[in-house]
Amino acid sequence: MKYPVRVRFAPSPTGTLHLGGARTALFNYLYAAKHKGCFHLRIEDTDVKRSKQEYVDEIRDSLRWLGLNWDGPIVFQSERKTNHRYAVRQLLKADKAYRCFCTVEELKKERENAIKSGMGYQYSGKCLDLTLSQIKLKINGAEPFCVRLKIPRGMTKFTDLIYGKISVMNKEIDDFIIQRSDGNPTYNLTVVVDDSDMEITHVIRGEDHLTNTPKQILIYKMLGKRIPKFAHLPMILGPDMKRLSKRHGASGVQEFHRQGYLPQALLNYLALLGWNPDTDQEIFTVDELINNFRIEQVQKKAAVFDEKKLLWVSGQHMAQSSSKELFDRIRRLNPDWQIDTDKDYLLRIIDIQKKRIKKLSEIITQSDFFFEDPGTYDPKTAKKRWRDETINKLIRGYIHRLSQLEEWTEKTLESELRELAEEMNVGASKLIHATRLAITGIPHGPSLFLLMELLGKAICLRRLKVALERLPLLLDSDEEGVGS
RNA sequence: GGCGCGUUCGUCUAGGGGUCAGGACAUCGGGCUCUCAAUCCGGAAACACGGGUUCGAUUCCCGUACGCGCUACCA
């Protein structure tokens, strides 16, 4: 039973790539990588009305961003119509399928009646009994028809790699349509023909396809094709326990991209959603995911998407990533970010920030004070940390010491401050908080002395002096802040 | 309605006939600390329900409930 593994991810371009699709793609990718097989991308665009080129582009870009690279060219289902029609003709010829001349309206009425009377609806099989001459007459009269599969008696069974043994009585399966009256084949037919032609060995897809599988197996058998193995992945749910969708806010891969998540973090989180690695490890590189991945370890139960945990995973990956990589990603996310600033300086900022924030975007939004003097001072903090005249005295003293300082390092900056505090008989933190406010304008941020070292002597002295002029004004005024 | 699938802390999960039902995120409390974050320590928090089988069931079996999916000339 040794044959190369070939899997595929087959989204329909009727929407953007969402988290469920991304996870399906990921598990296919992991399975292929783990078994040294290949991973293909097929776009299922047989629904002409709903398929859009922009979605094809979006799905492709999302997969690339995630790093889920596929082998070979993208297969477009719409370009494979000849093969689909050939299969339909074969089934027709072998009397395994039949033409149905019922109109959509007729069928709709039948279904409504059936539902009204509380019965489960199945196609009546009306056209199954048409005689050859009747069929010819209708065809000659250019009556439109679709093609239905003639479901045989019996039972269809298969063993799902995740769900185990599944069996269905064939009588539960309707004579479903495999070709529309416009000549276009439908999903259950195309998927079989394409998977078969692409020699897919393992069909890994969402659980919503579990009940389609027996139908497809029937087609494989009728066509005399080898049946691949199946693995169905549990659904991803929103907080309301419903299948995740746009309704739940962010669910598209690109939205997470834009929000500044790292692709490896998203993959890591998605992998953990519904799969257990059999260890206590939570943070994985993609290579580690590949090595550890076992499809048998995938859950049967649907999982709720939890952005809080994603955020935590993201923070872990941020801290682990090289500043160079983060820099490149920030630039790709936001090409204009500090474009005139020296790259080494930016790299040092990232060194400092990556340990305390969780997304790329936070490096951008929380680093202003590295580039510009504070325009305003946080009023609450000003009231708290710059309460009286003694602060002015302390800051003046610190300025004095700093201006004479030769070696401008985190260490010397700190010792100067602490010596001063002791000399003046105040707690060091009092001075530290005031200095932070003067230098950044806000009450939180990375280590003050590290920050000051990086900013350099000139800037720090300037900011301290300016603060000395502006902050005491806050004491007298009732205004909510001191603007520039 | 029919069929299929599922059900362990709020969430992701481990476990499996006898366990203090374990871990992670989130949450709460504390330590460290110049703030925020990170980190460390600690707390609260779960076997859907009912019947069997058994000395014993969260674990095995059968039901019920609930949820999800499919039931389209969507994929």
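First the proteins, then the strands, lettered A, B, ... as listed; each starts at 1. Any value given below was found using the heavy atoms of this structure, including those in side chains, with hydrogens, waters and symmetry copies removed.
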Does [X] reach a base, just sugar-phosphate, or nothing at all? Heavy atoms under 4.0 Å.
X	value
A:S12	sugar-phosphate
A:K49	nothing
A:G274	sugar-phosphate
A:I177	base
A:K430	nothing
A:I442	nothing
A:L272	sugar-phosphate
A:P446	base
A:N212	base
A:V304	sugar-phosphate
A:H232	nothing
A:Q316	sugar-phosphate

### Any N/O donor-acceptor pair, A:S447 side-chain to B:rC34 base, under 3.5 Å
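Pair found.
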### Task
Report the residues that fulfil salt bridge (Lys or Arg N to Asp or Glu O under 4.0 Å) with A:E143, sequence neighbours left out, ordered by chain and then residue number.
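Partners of A:E143 by the salt bridge (Lys or Arg N to Asp or Glu O under 4.0 Å) criterion, ordered by chain and then number, come out as A:K138.
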#### Entry: Residues in salt bridge (Lys or Arg N to Asp or Glu O under 4.0 Å) contact with A:E423, at least two apart in sequence or another chain
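Testing A:E423 for salt bridge (Lys or Arg N to Asp or Glu O under 4.0 Å), a comparison that skips the adjacent residues, returns A:R401.
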In terms of side-chain heavy atoms of [X], which of [options] is nearest?
X	options	answer
A:T46	B:rA75, B:rA37, B:rU35	B:rA75
A:H444	B:rC34, B:rC36, B:rA72	B:rC36
A:R50	B:rA75, B:rU35, B:rA14	B:rA75
A:R243	B:rC73, B:rC70, B:rG6	B:rC70

### Proximity of A:F27 and A:F293 rings by center, below 6.0 Å
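Here the rings of A:F293 and A:F27 have centres that are less than 6.0 Å from each other.
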### Message
Can you check the distance between B:rG22 and B:rG43, where both ends of the measurement are the P atom (answer in whole Å)?
### Response
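Approximately 11 Å lies between the P atom of B:rG22 and that of B:rG43.
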### Separation between the P atoms of B:rC28 and B:rC36, rounded to whole Å
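Straight-line distance between the two P atoms is 15 Å.
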Paired nucleotide for [N] [Watson-Crick or G-U wobble; both distances under 3.5 Å]:
N	answer
B:rC20	none
B:rA26	none
B:rG1	B:rU71
B:rC66	B:rG6
B:rU54	none
B:rA45	none
B:rC32	none

### Length of the NZ-P vector between A:K215 and B:rC74, whole Å
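To the nearest whole Å, that distance equals 13 Å.
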### A:E110 CD to B:rA72 P, straight-line distance once rounded to whole Å
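Distance check: A:E110 CD to B:rA72 P gives 12 Å.
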### Task
For the pair A:K358 and A:E362, find out whether any cationic side-chain nitrogen is under 4.0 Å from an anionic carboxylate oxygen.
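Looking at A:E362 together with A:K358, the answer is no, because their closest N to O distance does not fall below 4.0 Å.
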### Query
Of all residues at least two apart in sequence or in a different chain, which pass the ring-ring contact (aromatic ring centres under 6.0 Å, His included) check with A:Y98?
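Testing A:Y98 for ring-ring contact (aromatic ring centres under 6.0 Å, His included), a comparison that skips the adjacent residues, returns none.
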### Message
Strictly by salt bridge (Lys or Arg N to Asp or Glu O under 4.0 Å), give each pair with a member in residues 149-176 of chain A just once, sequence neighbours left out.
### Response
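Matches after skipping sequence neighbours: A:D95-A:K150.
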### Query
For RNA chain B, which residues in residues 179-190 of chain A have a heavy atom at a distance below 4.0 Å?
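Residues of residues 179-190 of chain A that come under 4.0 Å of RNA chain B are, in numerical order, A:R180, A:S181, A:T186, A:Y187.
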#### Entry: Per-nucleotide protein contact string for nucleotides 28-33 of chain B, where B marks a base within reach and S marks sugar-phosphate only (heavy atoms under 4.0 Å, - for neither)
------
